[in-house]
Amino acid sequence: MPYFDKRDFPVFDAMPELVYLDSTATSQKPKPVIDAVSRYYREENANPLRGLYGLAVKATDAYENARAAVHDFIGAASEREIVFTRNATESLNLIASSYGRENIRQNDEILVTISEHHSNFLPWQVLAKEKGARLKFLKCGKDGEYTPEMLEKALTPRTKIFAAAQISNVIGRLNPIKEFAEICHKNGTVIVCDGAQSVPHIPVNVRELGVDFLAFSGHKMFAPMGIGVLYGREELLEQMPPFLYGGEMIEYVTLCGATFAELPHKFEAGTVNAGGAVGLHAAIDYIGEFGFAKLEKREKELTRLLIEGMKETPHVRIIGSEDPADHCGIVSFTIDDVHPHDIAAIFDESGIAVRAGHHCAQPLHKYLGVQSSVRASAALYNDRRDTELFLECLKTIRRRMGYSE
Amino acid sequence: MPYFDKRDFPVFDAMPELVYLDSTATSQKPKPVIDAVSRYYREENANPLRGLYGLAVKATDAYENARAAVHDFIGAASEREIVFTRNATESLNLIASSYGRENIRQNDEILVTISEHHSNFLPWQVLAKEKGARLKFLKCGKDGEYTPEMLEKALTPRTKIFAAAQISNVIGRLNPIKEFAEICHKNGTVIVCDGAQSVPHIPVNVRELGVDFLAFSGHKMFAPMGIGVLYGREELLEQMPPFLYGGEMIEYVTLCGATFAELPHKFEAGTVNAGGAVGLHAAIDYIGEFGFAKLEKREKELTRLLIEGMKETPHVRIIGSEDPADHCGIVSFTIDDVHPHDIAAIFDESGIAVRAGHHCAQPLHKYLGVQSSVRASAALYNDRRDTELFLECLKTIRRRMGYSE
Amino acid sequence: MSNFYNEILTDHNMHPVHKHELAVCTCSREGVNPSCGDDITLNLRIEDGIIADGSFTGSGCAVSQASADIMLDLVIGKSIDEAERLHALFMKMIRGEADDSELEELDEAAALADISHMPARVKCAVLGWRTLGESLPER
Amino acid sequence: MSNFYNEILTDHNMHPVHKHELAVCTCSREGVNPSCGDDITLNLRIEDGIIADGSFTGSGCAVSQASADIMLDLVIGKSIDEAERLHALFMKMIRGEADDSELEELDEAAALADISHMPARVKCAVLGWRTLGESLPER
Ligand SMILES: Cc1ncc(COP(=O)(O)O)c(C=O)c1O
Ligand SMILES: Cc1ncc(COP(=O)(O)O)c(C=O)c1O
């Protein structure tokens with residue numbers, strides 16, 4: 001039976017003193033996930049999908065059962081809507097490259113929020129350039145918020161795509177994606193939701209949200225690296241051309257042309273990552289057993305502790321809202337006069353892992369007028385002691401850099 | 001200490017009776033590889049490349065050490081020439097998409113062999129269509145051979161790219177890539193080598209071969225799924241635009257443009273698969289300890305046993321050469337009057353895993369005038385008993401299908 | 001699974017009764033499995049709501065060929081409704097959900113029951129039946 | 001590693017001696033670390049093969065700023081050859097290859113020796129030196 005805390009995560013056996021507050025970059029992996037992947041390779045490994053022998057049937061089942069689990073997890077209408085990719089970045093590139101190239105014309109508009117991760121920003125920038133379309137930006141309010149009204153104002157009849165994270169990896173605030181989707185659809189705009197930071201933290205149901213596409217990464221939700229998901233509405237995926245070519249994504253190939261396999265295989269070129277999918281399946285089961293209710297409660301509590309402590313620390317400035325309720329486990333901040341890289345290095349000297357830099361969101365940092373920031377993020381394996389050690393260290397930083405207070 | 005045979009591969013503990021002759025599709029994984037990946041997640045996992053804390057430094061080292069190992073393994077000039085991808089298919093798509101789109105013009109010619117795997121065929125077909133270029137085919141001789149003379153005849157001043165597998169996954173014969181590279185370069189043609197089947201079986205040195213690009217997959221060489229390699233000459237990679245966008249592949253991002261990171265990171269979008277890279281590193285070490293001399297000897301011996309037994313079995317027709325020396329562990333065949341899928345199913349009833357179908361090489365099968373074929377392939381974990389059981393079963397197949405002999 | 005290629009199957013494969021052209025037919029339809037290369041053309045002569053005659057041509061694995069032949073054995077002379085019902089029953093068996101009495105109704109087609117353990121071959125077993133389903137007039 | 005931010009480093013960061021414009025300079029060069037956002041401009045006045053004066057401006061982390069200031073302490077008044085030699089020595093230290101007597105020569109710059117354990121920060125420590133290397137006349 002899992003414990004649903006640090007004890008499930010072998011990295012904390014290897015480094016008992018580690019205070020890991022960088023789960024937004026990547027999560028640690030619980031034993032059930034590590035073991036599921038090993039077991040797959042020890043007992044079920046073969047090249048899935050076309051095998052005509054028992055072991056290949058097992059491998060295919062393992063892979064397709066993982067797809068079914070993802071489908072349940074995000075409430076998709078059909079397993080045909082679940083495409084396995086390498087990570088959220090690939091999922092987003094796939095949408096821009098396949099759906100985008102096919103549907104964006106000159107003078108169309110693509111709207112993205114100013115706080116998007118580069119992975120949900122650059123593919124649109126490149127697409128817009130290629131097509132002579134216009135890339136427009138939705139800017140957040142001073143608490144990092146985006147409202148339905150803001151979106152309504154920014155949409156025009158030419159807006160073909162709106163791309164937004166459900167939770168920004170810097171601001172950490174939950175955006176009203178359901179309302180956004182309604183507004184977009186009234187406007188004939190397709191909505192691409194980056195779920196890289198939401199799917200690991202809150203229950204996400206694509207049909208309730210009404211999004212057209214959702215992208216996320218396994219490695220941020222306790223699964224191994226190298227496996228990600230693209231959800232797309234069947235109707236849209238159906239009309240899209242393939243993304244990469246080769247392997248089981250074909251139907252017939254001749255010297256002068258080819259027809260392609262059915263969904264979702266059309267988008268899965270080359271040998272699939274069954275081991276990664278099995279790991280993702282185990283991660284979904286792990287989250288499922290824990291339950292989002294408890295998970296959210298724990299993360300909210302940790303966030304509250306972090307933010308309250310930060311607010312008591314002079315010279316610390318939180319990015320976005322100062323209300324803990326507006327953060328889903330993610331808090332980015334700066335300290336007056338101290339460079340974020342130095343801050344992270346000092347935390348590291350105390351065994352505390354936090355991230356510093358632009359967090360792949362340079363446009364947001366520019367918009368906020370800061371070069372870079374530090375980010376602390378919590379997951380279910382963090383505890384009160386982690387927040388205490390973090391805050392203790394936080395208070396010493398300016399002093400350790402030579403400032404009197 | 002590893003044994004360098006079945007005992008190292010836990011799948012044969014789980015299924016002691018399994019006769020696995022489908023390594024060309026995917027290899028089984030030795031314990032050192034499975035353990036290395038687990039260890040990475042238990043002790044070193046973090047998001048590599050930008051981390052400012054100890055654990056992220058470990059993860060970065062694990063990832064970059066894997067790159068260094070690949071670089072040594074294939075004799076690249078610099079680690080900047082080693083790009084991690086998901087699999088050979090993605091590597092080949094990357095070349096076609098990035099190098100191809102940038103360099104192929106209308107009326108240019110792209111030459112591929114008729115036996116290419118769809119992964120080294122469809123990307124070129126798509127590119128040729130997009131650019132109005134011509135896709136031409138190099139046809140093999142009756143023993144599945146390609147000679148320098150054939151290539152010389154097929155090249156024209158317009159041939160910009162020649163794409164060829166070093167070993168076809170159906171024919172199993174070693175192609176004279178070094179000679180091909182020389183001929184191509186005299187002609188100003190870039191040579192793309194698909195090493196998916198050669199890198200696991202023979203020592204491959206990109207500088208000795210003189211190829212411009214080499215693609216291969218980890219999962220076919222004892223590594224986990226989800227990790228592959230693209231080698232490209234630095235000079236070519238340097239001039240190529242990125243493939244996918246987002247994550248650590250940038251330098252600066254602004255609202256209206258971006259500049260990109262140095263090689264090889266420019267081509268590695270999104271969170272990298274460090275766990276997969278660690279697995280590939282362990283696989284390379286495993287092969288290295290075994291040594292290619294012994295590995296080739298063993299595979300040659302198994303191939304000889306297979307082919308000699310096949311030749312003694314009436315109604316069995318080998319694809320390509322009947323000389324065992326012309327096969328690198330891969331033998332495809334048909335049996336008169338019995339459909340390959342039925343053959344594979346009967347083998348499966350005897351616990352023998354072989355592949356049947358078009359092996360992602362429909363153009364080759366069409367050219368050979370067969371719908372599909374059966375393929376048996378050997379790896380270092382196979383032994384004489386495997387070949388005996390295979391041949392025993394082979395002899396019964398026509399009878400079991402109701403034929404008198 | 002250890003003796004899937006039983007006599008019923010190999011017999012129908014080697015000596016199909018219904019594998020030939022059909023001089024007079026009211027409907028002819030092709031069915032293919034791209035991934036296997038199985039390809040059959042199913043010919044039916046339907047008169048007054050009855051499958052008066054049927055045949056198939058084409059090529060493919062023993063499973064696809066034998067299954068089509070066995071199917072024609074079963075449905076020739078039956079009403080469209082009855083053929084629909086057998087079609088549904090066969091699909092149920094393939095999903096591993098048919099009970100013994102249902103298997104009995106399927107007669108020789110029940111020889112293919114074990115295919116449910118070989119997902120990659122299900123398409124072959126089903127090809128003839130799927131094509132039949134597509135051939136029968138809508139109601 | 002547990003006290004990398006020692007007094008030498010924090011002092012040079014908070015109270016840099018050489019962080020200002022340079023009225024008369026023979027060469028001025030920008031150096032950046034895209035991934036960190038560190039950005040310095042190094043100004044030198046070179047006369048008769050001697051670095052007669054130098055300064056820097058810009059912004060960045062404490063490591064990059066302090067390292068640039070310490071570097072200028074070391075090289076101002078030295079010949080170009082000597083500056084080149086110190087540059088090479090510093091790089092050697094960063095790779096973790098300098099011996100004790102070499103560390104001594106680097107004086108306060110040796111406070112940065114431990115950076116070799118923090119690969120992501122090496123660029124910061126090296127920024128000033130790299131820019132110096134690019135500023136010195138080729139020979
Ligand atoms: C010759 C050859 N090229 C390319 C591939 C594609 O490899 P992957 O499916 O790992 O991308 C294969 C494997 O199926 C192959 O045998
Ligand atoms: C909001 C957001 N989108 C996209 C990504 C990209 O995820 P990955 O690097 O796994 O592709 C990240 C993670 O860094 C993220 O936080």
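Computed from a prediction, not measured in an experiment: that's the story for all the values here. Letters A, B, ... mirror the listed sequences (proteins, then strands); counts begin at 1.
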Discussion item. If we define contacts as heavy-atom pairs under 4.5 Å, which of C/M14, C/E7, C/H15 has the most with chain B?
Written reply: C/M14

Worksheet, complete the sentence: Counting heavy-atom pairs under 4.5 Å with chain B, the top scorer among C/G60, C/S64, C/S59 is C/G60

Worksheet entry | Exceeds 12 heavy-atom contacts within 6.0 angstrom, atom NZ of B/K395 | yes

Discussion item. Is it the case that atom NZ in B/K139 sees more than 12 heavy atoms from other parts of the structure closer than 6.0 Å?
Written reply: no

Worksheet entry | CG (C/D48) with more than 12 external heavy atoms under 6.0 Å | no

Response to the item:
For B/H341 and C/Y5 the tightest heavy-atom approach is O-OH, 4.2 Å

Worksheet item: Where do C/T10 and B/M401 come nearest, in terms of heavy atoms and distance?
Response: CB-O, 3.6 Å

Discussion item. With a sphere of 6.0 Å drawn around CZ of C/R95, does it hold more than 12 non-hydrogen atoms of other residues, nucleotides or ligands?
Written reply: yes

Discussion item. Can you confirm whether B/R317 is buried at CZ, in the sense that more than 12 heavy atoms of other residues, nucleotides or ligands lie under 6.0 Å from that atom?
Written reply: no

Worksheet entry | Sidechain N-carboxylate O distance under 4.0 Å for B/D342, C/R121 | yes

Worksheet item: What do you reckon, is CD of C/E134 surrounded by more than 12 foreign heavy atoms closer than 6.0 Å?
Response: yes

Practice prompt. Using a 4.5 Å cut-off on heavy atoms from C-beta on, say whether the side chain of C/D38 contacts that of B/H339.
Written response: yes

Worksheet item: Rounded to the nearest 0.5 Å, what separation is found between the CG atom of B/D348 and the CZ atom of C/F4?
Response: 11.0 Å

